[in-house]
Amino acid sequence: MRYVSTRDKNIWVDDAQGILQGISKEGGLFVPSSFPEIEDLGSLLDMTYGQVALYTLEKFFPGLGHENLVQAVNKAYDSKFSTEEIVAIKDVKGVSFLELYHGPTLAFKDMALSILPHLIGLAKNKLEIKEDIVILTATSGDTGKAALEGFANVEGIKIIVFYPEEGVSKIQKLQMTSQEGDNTLVLGIRGNFDHAQSGVKEIFNNKEFIEELEKNNYILSSANSINIGRLVPQIAYYLYTYIQMVKGEEIVLGDKINIVVPTGNFGNILAAYYGKVMGLPVNKLICGSNDNKVLTEFFNEGKYDINKDLILTSSPSMDILISSNLERLLFHINNGNHELVKEKMGDLRTKAYYEISDLKGEDFYANYANEEEVTKAIREMFKENYLMDSHTAVAYSVYKKYKEESKDTTKTVIVSTASPFKFGDKVASSIGIEIKDMDEFKILDEISYASNLKVPENIKALKEKEIRHKKIIGKEDMERSIREFLQVGEAND
Ligand SMILES: *Cc1c(COP(=O)(O)O)cnc(C)c1O
(Lines give C-alpha, C1' and ligand atoms only; values in the text may rest on other atoms or scores of the structure.)
Protein backbone atom coordinates (compact mmCIF):
# COMPACT_ATOMS: atom_id res chain seq x y z
CA MET A 1 0.00 0.00 0.00
CA ARG A 2 1.13 3.52 -0.76
CA TYR A 3 1.81 6.23 1.78
CA VAL A 4 2.24 9.82 0.65
CA SER A 5 3.77 12.80 2.41
CA THR A 6 1.39 15.42 3.82
CA ARG A 7 3.65 18.19 2.49
CA ASP A 8 4.18 16.77 -1.00
CA LYS A 9 1.92 13.97 -2.11
CA ASN A 10 4.14 13.23 -5.08
CA ILE A 11 6.53 11.72 -2.58
CA TRP A 12 5.42 8.23 -1.70
CA VAL A 13 6.72 5.10 0.00
CA ASP A 14 5.34 1.60 0.46
CA ASP A 15 4.19 0.27 3.83
CA ALA A 16 7.53 -1.21 4.89
CA GLN A 17 9.46 1.93 4.03
CA GLY A 18 6.90 4.18 5.68
CA ILE A 19 7.21 2.26 8.94
CA LEU A 20 10.97 2.19 8.84
CA GLN A 21 11.53 5.78 7.79
CA GLY A 22 9.00 7.29 10.23
CA ILE A 23 8.91 10.74 8.65
CA SER A 24 9.25 11.99 5.07
CA LYS A 25 12.50 13.67 4.07
CA GLU A 26 10.99 17.13 3.61
CA GLY A 27 9.37 16.98 7.06
CA GLY A 28 5.90 15.74 6.08
CA LEU A 29 4.13 12.81 7.69
CA PHE A 30 3.11 9.69 5.80
CA VAL A 31 -0.60 9.10 5.28
CA PRO A 32 -2.40 6.38 3.33
CA SER A 33 -2.97 7.51 -0.26
CA SER A 34 -6.50 6.09 0.03
CA PHE A 35 -8.37 4.52 2.93
CA PRO A 36 -9.29 0.86 3.05
CA GLU A 37 -12.92 0.14 3.87
CA ILE A 38 -14.56 -2.09 6.41
CA GLU A 39 -16.71 -4.15 4.03
CA ASP A 40 -18.71 -5.98 6.66
CA LEU A 41 -18.48 -4.84 10.24
CA GLY A 42 -20.68 -7.76 11.29
CA SER A 43 -17.96 -10.20 10.24
CA LEU A 44 -15.86 -8.94 13.16
CA LEU A 45 -18.43 -9.92 15.76
CA ASP A 46 -16.76 -13.12 16.90
CA MET A 47 -13.19 -11.93 16.66
CA THR A 48 -10.76 -11.72 19.56
CA TYR A 49 -8.70 -8.59 20.07
CA GLY A 50 -5.78 -10.14 18.23
CA GLN A 51 -7.96 -11.04 15.28
CA VAL A 52 -9.33 -7.52 15.00
CA ALA A 53 -5.77 -6.18 15.21
CA LEU A 54 -4.75 -8.54 12.41
CA TYR A 55 -7.76 -7.49 10.32
CA THR A 56 -6.73 -3.84 10.69
CA LEU A 57 -3.02 -4.35 10.07
CA GLU A 58 -3.62 -6.41 6.93
CA LYS A 59 -5.66 -3.60 5.46
CA PHE A 60 -2.90 -1.05 5.93
CA PHE A 61 0.26 -3.13 5.71
CA PRO A 62 -0.46 -5.91 3.22
CA GLY A 63 3.13 -5.65 2.04
CA LEU A 64 4.39 -7.12 5.31
CA GLY A 65 2.71 -10.46 4.56
CA HIS A 66 -0.13 -12.35 6.22
CA GLU A 67 1.89 -14.98 8.08
CA ASN A 68 4.33 -12.37 9.37
CA LEU A 69 1.52 -10.21 10.69
CA VAL A 70 -0.11 -13.19 12.39
CA GLN A 71 3.11 -13.82 14.26
CA ALA A 72 3.60 -10.16 15.11
CA VAL A 73 0.10 -9.95 16.57
CA ASN A 74 0.60 -13.12 18.59
CA LYS A 75 3.85 -11.87 20.04
CA ALA A 76 2.45 -8.41 20.80
CA TYR A 77 -0.89 -9.13 22.44
CA ASP A 78 -0.04 -11.88 24.89
CA SER A 79 0.29 -12.37 28.62
CA LYS A 80 2.24 -9.16 29.11
CA PHE A 81 -1.26 -7.68 29.21
CA SER A 82 -2.90 -8.31 32.54
CA THR A 83 -6.30 -8.97 31.01
CA GLU A 84 -6.88 -11.78 28.55
CA GLU A 85 -9.16 -9.57 26.43
CA ILE A 86 -6.21 -7.08 26.13
CA VAL A 87 -8.54 -4.14 26.76
CA ALA A 88 -11.32 -3.79 29.32
CA ILE A 89 -14.63 -2.00 28.88
CA LYS A 90 -16.37 -0.78 32.03
CA ASP A 91 -19.84 0.72 32.10
CA VAL A 92 -20.34 3.40 34.68
CA LYS A 93 -23.38 5.67 34.82
CA GLY A 94 -24.39 4.79 31.26
CA VAL A 95 -21.01 5.56 29.71
CA SER A 96 -18.48 2.99 28.52
CA PHE A 97 -14.90 3.45 29.68
CA LEU A 98 -12.49 1.80 27.32
CA GLU A 99 -9.49 0.93 29.49
CA LEU A 100 -6.41 0.75 27.33
CA TYR A 101 -3.94 0.57 30.18
CA HIS A 102 -3.63 -3.10 31.00
CA GLY A 103 -0.31 -3.49 29.20
CA PRO A 104 3.17 -3.68 30.75
CA THR A 105 3.69 0.06 31.25
CA LEU A 106 0.11 0.84 32.30
CA ALA A 107 -0.73 3.41 29.64
CA PHE A 108 -2.44 3.13 26.27
CA LYS A 109 0.88 3.55 24.46
CA ASP A 110 1.41 -0.20 25.03
CA MET A 111 -1.38 -0.93 22.57
CA ALA A 112 0.77 0.24 19.67
CA LEU A 113 4.27 -0.03 21.08
CA SER A 114 4.01 -3.69 21.91
CA ILE A 115 3.62 -4.39 18.19
CA LEU A 116 5.69 -1.61 16.60
CA PRO A 117 9.06 -3.35 17.19
CA HIS A 118 7.74 -6.38 15.33
CA LEU A 119 6.48 -4.22 12.46
CA ILE A 120 9.85 -2.50 12.24
CA GLY A 121 11.58 -5.88 12.27
CA LEU A 122 9.37 -7.10 9.41
CA ALA A 123 9.93 -3.90 7.43
CA LYS A 124 13.67 -4.25 7.94
CA ASN A 125 13.64 -7.83 6.65
CA LYS A 126 11.45 -6.98 3.70
CA LEU A 127 13.75 -4.15 2.63
CA GLU A 128 16.78 -6.37 3.31
CA ILE A 129 18.38 -3.80 5.53
CA LYS A 130 21.52 -4.96 7.27
CA GLU A 131 22.22 -1.82 9.28
CA ASP A 132 21.19 -1.42 12.90
CA ILE A 133 18.04 0.62 13.47
CA VAL A 134 18.23 3.47 15.97
CA ILE A 135 14.86 4.47 17.38
CA LEU A 136 14.76 8.10 18.49
CA THR A 137 11.83 9.00 20.67
CA ALA A 138 10.63 12.13 22.40
CA THR A 139 8.23 11.38 25.19
CA SER A 140 5.72 13.26 27.29
CA GLY A 141 6.07 10.38 29.74
CA ASP A 142 4.27 7.29 28.52
CA THR A 143 5.62 6.68 25.01
CA GLY A 144 9.16 6.53 26.38
CA LYS A 145 8.60 3.66 28.77
CA ALA A 146 6.32 1.76 26.40
CA ALA A 147 8.90 2.04 23.61
CA LEU A 148 11.77 1.02 25.91
CA GLU A 149 9.77 -1.97 27.05
CA GLY A 150 9.02 -2.94 23.45
CA PHE A 151 12.52 -2.48 22.08
CA ALA A 152 14.81 -3.42 25.02
CA ASN A 153 17.20 -6.22 24.10
CA VAL A 154 15.85 -6.53 20.55
CA GLU A 155 18.77 -7.46 18.39
CA GLY A 156 19.72 -5.02 15.66
CA ILE A 157 17.84 -2.15 17.30
CA LYS A 158 18.97 0.59 19.65
CA ILE A 159 16.57 2.91 21.38
CA ILE A 160 17.14 6.44 22.66
CA VAL A 161 14.45 8.24 24.65
CA PHE A 162 14.36 11.96 25.48
CA TYR A 163 11.96 13.04 28.21
CA PRO A 164 11.34 16.54 29.62
CA GLU A 165 13.05 16.58 33.00
CA GLU A 166 10.33 18.57 34.75
CA GLY A 167 7.39 17.37 32.74
CA VAL A 168 6.67 13.79 33.79
CA SER A 169 5.14 12.14 36.86
CA LYS A 170 7.39 10.53 39.47
CA ILE A 171 6.32 7.05 38.46
CA GLN A 172 6.83 7.79 34.76
CA LYS A 173 10.34 9.03 35.50
CA LEU A 174 11.21 6.00 37.63
CA GLN A 175 9.89 3.67 34.96
CA MET A 176 12.22 5.17 32.38
CA THR A 177 15.35 5.84 34.40
CA SER A 178 15.38 2.29 35.76
CA GLN A 179 15.22 0.77 32.26
CA GLU A 180 17.47 -2.22 31.68
CA GLY A 181 18.94 -3.38 28.39
CA ASP A 182 22.30 -2.56 26.82
CA ASN A 183 20.63 -1.14 23.75
CA THR A 184 18.75 1.54 25.69
CA LEU A 185 19.60 5.16 26.48
CA VAL A 186 17.32 7.49 28.43
CA LEU A 187 18.11 11.20 28.70
CA GLY A 188 16.33 13.99 30.52
CA ILE A 189 16.01 17.23 28.55
CA ARG A 190 16.02 20.60 30.25
CA GLY A 191 12.78 21.99 28.89
CA ASN A 192 9.37 20.70 28.01
CA PHE A 193 7.99 18.06 25.67
CA ASP A 194 7.86 20.44 22.71
CA HIS A 195 11.61 21.02 23.08
CA ALA A 196 12.26 17.29 23.12
CA GLN A 197 9.97 16.64 20.17
CA SER A 198 11.31 19.48 18.01
CA GLY A 199 14.87 18.37 18.84
CA VAL A 200 14.11 14.89 17.56
CA LYS A 201 12.45 16.28 14.42
CA GLU A 202 15.52 18.44 13.76
CA ILE A 203 17.75 15.40 13.94
CA PHE A 204 15.49 13.62 11.44
CA ASN A 205 15.88 16.59 9.10
CA ASN A 206 19.65 16.87 9.52
CA LYS A 207 20.85 15.30 6.28
CA GLU A 208 24.58 15.35 7.05
CA PHE A 209 24.15 13.71 10.42
CA ILE A 210 21.89 11.05 8.95
CA GLU A 211 24.39 10.31 6.19
CA GLU A 212 27.16 10.06 8.72
CA LEU A 213 25.12 7.61 10.77
CA GLU A 214 24.44 5.57 7.66
CA LYS A 215 28.16 5.39 6.94
CA ASN A 216 28.45 3.90 10.41
CA ASN A 217 25.72 1.37 9.67
CA TYR A 218 22.90 3.03 11.55
CA ILE A 219 19.47 3.96 10.25
CA LEU A 220 17.19 6.25 12.24
CA SER A 221 13.57 5.47 12.89
CA SER A 222 10.89 6.77 15.22
CA ALA A 223 8.54 5.29 17.79
CA ASN A 224 6.51 8.48 18.11
CA SER A 225 3.02 8.72 16.69
CA ILE A 226 4.45 10.46 13.65
CA ASN A 227 5.23 6.86 12.63
CA ILE A 228 2.35 5.32 10.69
CA GLY A 229 3.25 2.00 12.32
CA ARG A 230 2.20 3.53 15.63
CA LEU A 231 -1.08 4.88 14.39
CA VAL A 232 -2.58 1.91 12.56
CA PRO A 233 -2.57 -0.57 15.49
CA GLN A 234 -4.57 2.01 17.44
CA ILE A 235 -7.49 1.80 15.00
CA ALA A 236 -8.07 -1.79 16.10
CA TYR A 237 -9.35 -1.00 19.59
CA TYR A 238 -12.06 1.27 18.23
CA LEU A 239 -13.35 -1.48 15.97
CA TYR A 240 -13.08 -4.01 18.80
CA THR A 241 -14.94 -1.78 21.25
CA TYR A 242 -17.73 -1.14 18.81
CA ILE A 243 -18.37 -4.84 18.31
CA GLN A 244 -18.25 -5.46 22.06
CA MET A 245 -20.98 -2.84 22.46
CA VAL A 246 -23.05 -4.62 19.84
CA LYS A 247 -22.52 -7.94 21.60
CA GLY A 248 -23.43 -6.36 24.93
CA GLU A 249 -26.64 -5.10 23.28
CA GLU A 250 -25.88 -1.51 24.10
CA ILE A 251 -26.21 -0.67 20.44
CA VAL A 252 -27.29 -2.55 17.35
CA LEU A 253 -24.97 -3.00 14.43
CA GLY A 254 -24.93 0.21 12.43
CA ASP A 255 -25.77 2.56 15.33
CA LYS A 256 -23.45 5.48 15.75
CA ILE A 257 -21.38 6.05 18.88
CA ASN A 258 -19.46 9.03 20.26
CA ILE A 259 -15.81 8.61 21.16
CA VAL A 260 -14.15 10.86 23.74
CA VAL A 261 -10.35 10.98 23.75
CA PRO A 262 -7.98 12.81 26.08
CA THR A 263 -5.66 14.30 23.54
CA GLY A 264 -2.09 15.50 23.31
CA ASN A 265 -0.28 14.72 20.09
CA PHE A 266 -3.58 13.93 18.33
CA GLY A 267 -2.54 10.34 17.60
CA ASN A 268 -5.15 8.41 19.53
CA ILE A 269 -8.09 10.49 18.34
CA LEU A 270 -6.77 10.44 14.78
CA ALA A 271 -6.88 6.64 14.88
CA ALA A 272 -10.57 6.93 15.81
CA TYR A 273 -11.05 9.30 12.88
CA TYR A 274 -9.36 6.78 10.59
CA GLY A 275 -11.80 4.18 11.87
CA LYS A 276 -14.67 6.49 11.00
CA VAL A 277 -13.34 7.14 7.51
CA MET A 278 -13.09 3.36 7.03
CA GLY A 279 -16.76 3.01 7.86
CA LEU A 280 -17.03 2.62 11.62
CA PRO A 281 -20.33 4.27 12.63
CA VAL A 282 -19.16 7.26 14.65
CA ASN A 283 -21.17 10.37 15.45
CA LYS A 284 -18.83 12.82 17.21
CA LEU A 285 -15.16 12.54 17.98
CA ILE A 286 -14.76 14.49 21.19
CA CYS A 287 -11.33 15.96 21.73
CA GLY A 288 -10.45 16.66 25.37
CA SER A 289 -7.56 18.95 26.27
CA ASN A 290 -6.11 20.13 29.56
CA ASP A 291 -5.06 23.74 30.24
CA ASN A 292 -2.87 23.54 27.13
CA LYS A 293 -5.93 24.03 25.03
CA VAL A 294 -4.51 24.71 21.56
CA LEU A 295 -6.73 22.04 20.02
CA THR A 296 -9.86 23.48 21.63
CA GLU A 297 -9.02 26.83 20.07
CA PHE A 298 -8.25 25.18 16.77
CA PHE A 299 -11.59 23.44 16.42
CA ASN A 300 -13.66 26.29 17.83
CA GLU A 301 -11.89 29.32 16.40
CA GLY A 302 -10.02 28.01 13.36
CA LYS A 303 -6.64 29.21 14.59
CA TYR A 304 -3.62 27.33 15.86
CA ASP A 305 -1.70 29.55 18.21
CA ILE A 306 1.35 28.46 20.17
CA ASN A 307 2.53 31.92 21.17
CA LYS A 308 2.12 30.96 24.80
CA ASP A 309 3.93 29.11 27.55
CA LEU A 310 3.35 25.45 27.99
CA ILE A 311 1.57 24.81 31.28
CA LEU A 312 2.61 21.84 33.39
CA THR A 313 -0.56 20.05 34.48
CA SER A 314 -1.51 16.88 36.32
CA SER A 315 -2.00 15.22 32.92
CA PRO A 316 1.62 15.52 31.70
CA SER A 317 1.17 13.22 28.71
CA MET A 318 -1.07 15.90 27.24
CA ASP A 319 1.21 18.85 28.02
CA ILE A 320 1.88 19.58 24.39
CA LEU A 321 1.51 22.67 22.24
CA ILE A 322 2.67 21.27 18.91
CA SER A 323 0.26 18.48 18.25
CA SER A 324 2.03 16.60 15.46
CA ASN A 325 -0.74 14.46 14.07
CA LEU A 326 -3.06 17.39 13.45
CA GLU A 327 -1.01 17.81 10.28
CA ARG A 328 -2.46 14.52 9.04
CA LEU A 329 -6.01 15.64 9.77
CA LEU A 330 -5.43 18.91 7.91
CA PHE A 331 -4.33 16.92 4.89
CA HIS A 332 -7.35 14.62 4.97
CA ILE A 333 -10.08 17.20 5.57
CA ASN A 334 -8.68 19.34 2.79
CA ASN A 335 -8.80 16.50 0.28
CA GLY A 336 -5.06 16.03 0.16
CA ASN A 337 -4.23 19.69 -0.44
CA HIS A 338 -0.51 19.35 0.37
CA GLU A 339 0.25 22.94 -0.61
CA LEU A 340 -2.07 24.15 2.11
CA VAL A 341 -0.54 21.82 4.69
CA LYS A 342 2.94 22.92 3.73
CA GLU A 343 2.00 26.58 3.99
CA LYS A 344 0.35 26.19 7.39
CA MET A 345 3.22 24.13 8.80
CA GLY A 346 5.58 26.81 7.52
CA ASP A 347 3.53 29.47 9.32
CA LEU A 348 3.61 27.40 12.46
CA ARG A 349 7.39 27.21 12.33
CA THR A 350 8.02 30.86 11.52
CA LYS A 351 5.09 32.63 13.24
CA ALA A 352 4.01 30.02 15.79
CA TYR A 353 0.52 30.60 14.41
CA TYR A 354 -1.76 29.73 11.54
CA GLU A 355 -5.37 30.17 10.62
CA ILE A 356 -7.74 28.03 8.62
CA SER A 357 -10.59 29.96 7.04
CA ASP A 358 -12.86 27.00 6.28
CA LEU A 359 -12.07 24.32 8.81
CA LYS A 360 -14.37 21.41 7.93
CA GLY A 361 -14.06 20.04 11.45
CA GLU A 362 -17.70 18.91 11.81
CA ASP A 363 -16.67 15.42 12.88
CA PHE A 364 -15.15 16.87 16.03
CA TYR A 365 -16.23 18.56 19.22
CA ALA A 366 -13.43 20.08 21.30
CA ASN A 367 -13.23 21.48 24.79
CA TYR A 368 -10.87 21.45 27.76
CA ALA A 369 -10.81 20.85 31.49
CA ASN A 370 -8.80 22.82 34.05
CA GLU A 371 -7.20 21.36 37.21
CA GLU A 372 -10.20 22.02 39.39
CA GLU A 373 -12.49 20.26 36.95
CA VAL A 374 -10.11 17.30 36.78
CA THR A 375 -10.13 17.02 40.58
CA LYS A 376 -13.90 17.22 40.65
CA ALA A 377 -14.24 14.59 37.94
CA ILE A 378 -11.96 12.12 39.74
CA ARG A 379 -13.84 12.65 42.99
CA GLU A 380 -17.25 12.37 41.38
CA MET A 381 -16.47 9.09 39.65
CA PHE A 382 -14.73 7.73 42.73
CA LYS A 383 -18.07 8.09 44.52
CA GLU A 384 -19.48 5.81 41.83
CA ASN A 385 -16.73 3.32 42.66
CA TYR A 386 -14.72 4.06 39.56
CA LEU A 387 -11.19 5.40 39.75
CA MET A 388 -9.89 7.44 36.82
CA ASP A 389 -6.42 8.80 36.22
CA SER A 390 -5.95 12.51 35.51
CA HIS A 391 -5.93 12.12 31.71
CA THR A 392 -9.13 10.11 31.64
CA ALA A 393 -10.64 12.68 34.00
CA VAL A 394 -9.99 15.40 31.40
CA ALA A 395 -11.94 13.35 28.88
CA TYR A 396 -14.77 12.74 31.31
CA SER A 397 -15.09 16.46 32.17
CA VAL A 398 -15.11 17.43 28.52
CA TYR A 399 -17.75 14.82 27.79
CA LYS A 400 -19.96 16.33 30.50
CA LYS A 401 -19.62 19.72 28.85
CA TYR A 402 -20.48 18.25 25.48
CA LYS A 403 -23.55 16.52 26.84
CA GLU A 404 -24.74 19.62 28.61
CA GLU A 405 -24.35 21.73 25.48
CA SER A 406 -25.66 19.27 22.91
CA LYS A 407 -28.18 17.16 24.86
CA ASP A 408 -26.90 14.35 22.64
CA THR A 409 -27.89 10.93 23.99
CA THR A 410 -25.80 8.85 21.58
CA LYS A 411 -24.00 5.94 23.31
CA THR A 412 -20.54 7.13 24.23
CA VAL A 413 -17.13 5.60 24.82
CA ILE A 414 -14.59 7.46 26.94
CA VAL A 415 -11.06 6.35 26.28
CA SER A 416 -9.24 5.64 29.52
CA THR A 417 -5.58 6.06 28.75
CA ALA A 418 -3.64 5.36 31.94
CA SER A 419 -3.78 3.53 35.23
CA PRO A 420 -4.61 5.84 38.16
CA PHE A 421 -1.48 4.46 39.87
CA LYS A 422 0.75 6.22 37.35
CA PHE A 423 -0.44 9.63 38.51
CA GLY A 424 -0.73 9.01 42.22
CA ASP A 425 -0.37 12.57 43.52
CA LYS A 426 -3.33 13.98 41.63
CA VAL A 427 -5.50 10.93 42.07
CA ALA A 428 -4.84 10.68 45.82
CA SER A 429 -5.37 14.35 46.55
CA SER A 430 -8.57 14.35 44.50
CA ILE A 431 -10.12 11.57 46.55
CA GLY A 432 -9.24 13.18 49.85
CA ILE A 433 -5.93 11.57 50.79
CA GLU A 434 -3.58 13.97 52.56
CA ILE A 435 -0.34 13.50 50.55
CA LYS A 436 1.83 16.19 52.06
CA ASP A 437 5.31 14.79 52.86
CA MET A 438 4.19 11.33 51.85
CA ASP A 439 6.54 9.09 49.88
CA GLU A 440 5.26 8.15 46.39
CA PHE A 441 4.88 4.45 47.13
CA LYS A 442 3.02 5.20 50.34
CA ILE A 443 0.64 7.36 48.31
CA LEU A 444 -0.04 4.43 46.00
CA ASP A 445 -0.72 2.17 48.99
CA GLU A 446 -3.21 4.70 50.30
CA ILE A 447 -4.98 4.83 46.93
CA SER A 448 -5.06 1.06 46.88
CA TYR A 449 -6.59 0.97 50.36
CA ALA A 450 -9.20 3.60 49.52
CA SER A 451 -10.20 2.10 46.19
CA ASN A 452 -9.81 -1.62 46.81
CA LEU A 453 -7.67 -1.83 43.66
CA LYS A 454 -4.27 -3.48 43.75
CA VAL A 455 -1.13 -1.48 42.99
CA PRO A 456 0.00 -2.94 39.63
CA GLU A 457 2.99 -5.29 40.02
CA ASN A 458 5.13 -3.43 37.48
CA ILE A 459 4.76 -0.24 39.51
CA LYS A 460 5.38 -1.93 42.86
CA ALA A 461 8.59 -3.40 41.49
CA LEU A 462 9.99 0.06 40.73
CA LYS A 463 10.68 0.58 44.41
CA GLU A 464 13.59 -1.86 44.35
CA LYS A 465 15.00 -0.97 40.96
CA GLU A 466 18.37 0.60 40.37
CA ILE A 467 18.40 3.95 38.57
CA ARG A 468 20.51 3.38 35.47
CA HIS A 469 19.94 6.57 33.49
CA LYS A 470 20.76 9.75 35.38
CA LYS A 471 21.89 12.15 32.72
CA ILE A 472 20.14 15.45 32.06
CA ILE A 473 21.17 17.44 28.99
CA GLY A 474 20.23 20.60 27.11
CA LYS A 475 18.39 20.35 23.80
CA GLU A 476 21.56 21.49 22.00
CA ASP A 477 23.39 18.38 23.25
CA MET A 478 21.02 15.81 21.82
CA GLU A 479 23.10 15.10 18.74
CA ARG A 480 26.28 14.81 20.76
CA SER A 481 24.67 12.34 23.16
CA ILE A 482 23.53 10.19 20.26
CA ARG A 483 27.09 10.23 18.92
CA GLU A 484 28.48 9.16 22.28
CA PHE A 485 26.04 6.31 22.67
CA LEU A 486 26.58 5.02 19.15
CA GLN A 487 30.30 5.85 19.19
CA VAL A 488 30.06 7.82 15.99
CA GLY A 489 32.33 10.70 14.99
CA GLU A 490 33.73 13.33 17.28
CA ALA A 491 31.56 12.73 20.28
CA ASN A 492 33.89 14.43 22.66
CA ASP A 493 34.85 17.62 20.90
C1 LIG B 1 0.01 9.92 25.20
C2 LIG B 1 -1.12 10.03 26.15
C3 LIG B 1 -2.26 10.80 25.85
C4 LIG B 1 -2.38 11.59 24.58
O5 LIG B 1 -2.45 10.77 23.44
P6 LIG B 1 -2.13 11.38 22.00
O7 LIG B 1 -2.18 10.22 21.09
O8 LIG B 1 -0.78 12.01 22.10
O9 LIG B 1 -3.18 12.40 21.74
C10 LIG B 1 -3.31 10.80 26.76
N11 LIG B 1 -3.23 10.13 27.92
C12 LIG B 1 -2.15 9.40 28.25
C13 LIG B 1 -2.13 8.70 29.57
C14 LIG B 1 -1.07 9.32 27.38
O15 LIG B 1 0.01 8.59 27.71
Side-chain angles (χ1 to χ4, degrees), residues 29 97-113 116 137-149 161 163-164 167-169 171-173 175-176 193-194 196-197 222-228 230-235 237-238 259-275 285-290 292-296 298-299 313-329 364 366 368-369 374 378 388-398 414-424 426-427 459:
L29 305 184
F97 284 82
L98 168 59
E99 296 178 354
L100 298 176
Y101 59 77
H102 298 291
T105 75
L106 303 147
F108 92 93
K109 305 294 196 297
D110 287 323
M111 300 305 299
L113 284 163
L116 184 66
T137 294
T139 184
S140 55
D142 288 328
T143 290
K145 179 60 184 179
L148 287 162
E149 197 64 25
V161 168
Y163 72 90
V168 299
S169 83
I171 294 293
Q172 286 178 315
K173 193 170 191 164
Q175 280 185 313
M176 289 188 278
F193 172 71
D194 285 327
Q197 174 157 266
S222 165
N224 281 106
S225 54
I226 52 172
N227 191 323
I228 191 72
R230 239 315 266 288
L231 213 49
V232 168
Q234 297 183 170
I235 301 168
Y237 47 75
Y238 292 112
I259 299 175
V260 192
V261 187
T263 305
N265 227 347
F266 209 75
N268 201 358
I269 195 166
L270 187 72
Y273 174 79
Y274 277 20
L285 295 161
I286 298 170
C287 174
S289 299
N290 62 25
N292 297 294
K293 50 187 189 293
V294 277
L295 290 166
T296 305
F298 176 77
F299 283 107
T313 72
S314 66
S315 44
S317 300
M318 296 156 66
D319 289 345
I320 295 175
L321 292 178
I322 305 174
S323 201
S324 290
N325 282 293
L326 193 64
E327 175 168 350
R328 285 187 163 112
L329 183 74
F364 293 84
Y368 75 103
V374 170
I378 294 174
M388 302 185 293
D389 94 293
S390 40
H391 302 73
T392 309
V394 167
Y396 176 74
S397 298
V398 167
I414 295 180
V415 179
S416 178
T417 49
S419 157
F421 291 98
K422 262 191 122 161
F423 304 95
K426 182 69 176 184
V427 170
I459 287 184

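Order of listing sets the numbers, starting from 1, for every ligand and every atom in it. Everything numeric here is computed off the predicted structure, so don't read it as measured data.
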Atom 8 (O) of ligand 1 [closest protein heavy-atom partner, distance rounded to 0.1 Å]: N265 N, 2.7 Å
Geometric N/O contact M318 with ligand 1, under 3.5 angstrom: no
Stepwise side-chain hydrogen bond (donor to acceptor under 3.5 Å, both in side chains) check, Y238 with N268: CA-CA 10 Å; Y238 292 112; N268 201 358; 2.8 Å; yes
D389, any N or O under 3.5 Å of ligand 1 N or O: no
Min N/O separation G264 to ligand 1 under 3.5 Å: yes
For atom 7 (O) of ligand 1, closest protein heavy-atom neighbour: N268 N, 2.9 Å
R328 side chain to N325 side chain, donor-acceptor N/O pair below 3.5 angstrom: yes
Under 3.5 Å: N/O of T263 near N/O of ligand 1: no
Plane angle bin for F266 and F364 - parallel if under 30°, tilted between 30 and 60°, otherwise perpendicular: tilted
Minimal non-hydrogen separation, I414 against A395, with atom names: CG2-CB, 3.8 Å
Full working for side-chain hydrogen bond (donor to acceptor under 3.5 Å, both in side chains) between T139 and T137: CA-CA 6 Å; T139 184; T137 294; over 6 Å; no
Protein contact of atom 12 (C) of ligand 1 - nearest heavy atom, named by residue and atom, plus distance: T417 OG1, 3.4 Å
Closest approach of any protein heavy atom to atom 10 (C) of ligand 1, naming residue and atom: P262 O, 3.5 Å
Nearest-neighbour protein heavy atom for atom 2 (C) of ligand 1, which is reported as residue plus atom name and distance: K109 NZ, 2.4 Å
Exam field: side chain T392 to backbone T417, donor-acceptor pair closer than 3.5 Å: yes
Under 4.0 Å to a heavy atom of G267 - the qualifying atoms of ligand 1, by number: 6 (P), 7 (O), 9 (O)
Atoms in ligand 1 flagged as close to A418, the criterion being non-hydrogen separation under 4.0 Å: 13 (C)
D389 bridged to K426 by N-O distance under 4.0 Å: no
Polar contact flag for F266 and ligand 1 (N/O pairs, less than 3.5 Å): yes
Donor-acceptor side-chain pairing of Q197 and S324 below 3.5 angstrom: yes
Numbering as shown, the atoms of ligand 1 that approach D142 to under 4.0 Å (heavy-atom distance): 12 (C), 13 (C), 14 (C), 15 (O)
Test item: side-chain donor near acceptor, N227 and S222, under 3.5 Å: no
Ligand 1 contacted by F108 (non-hydrogen, < 4.0 Å): yes
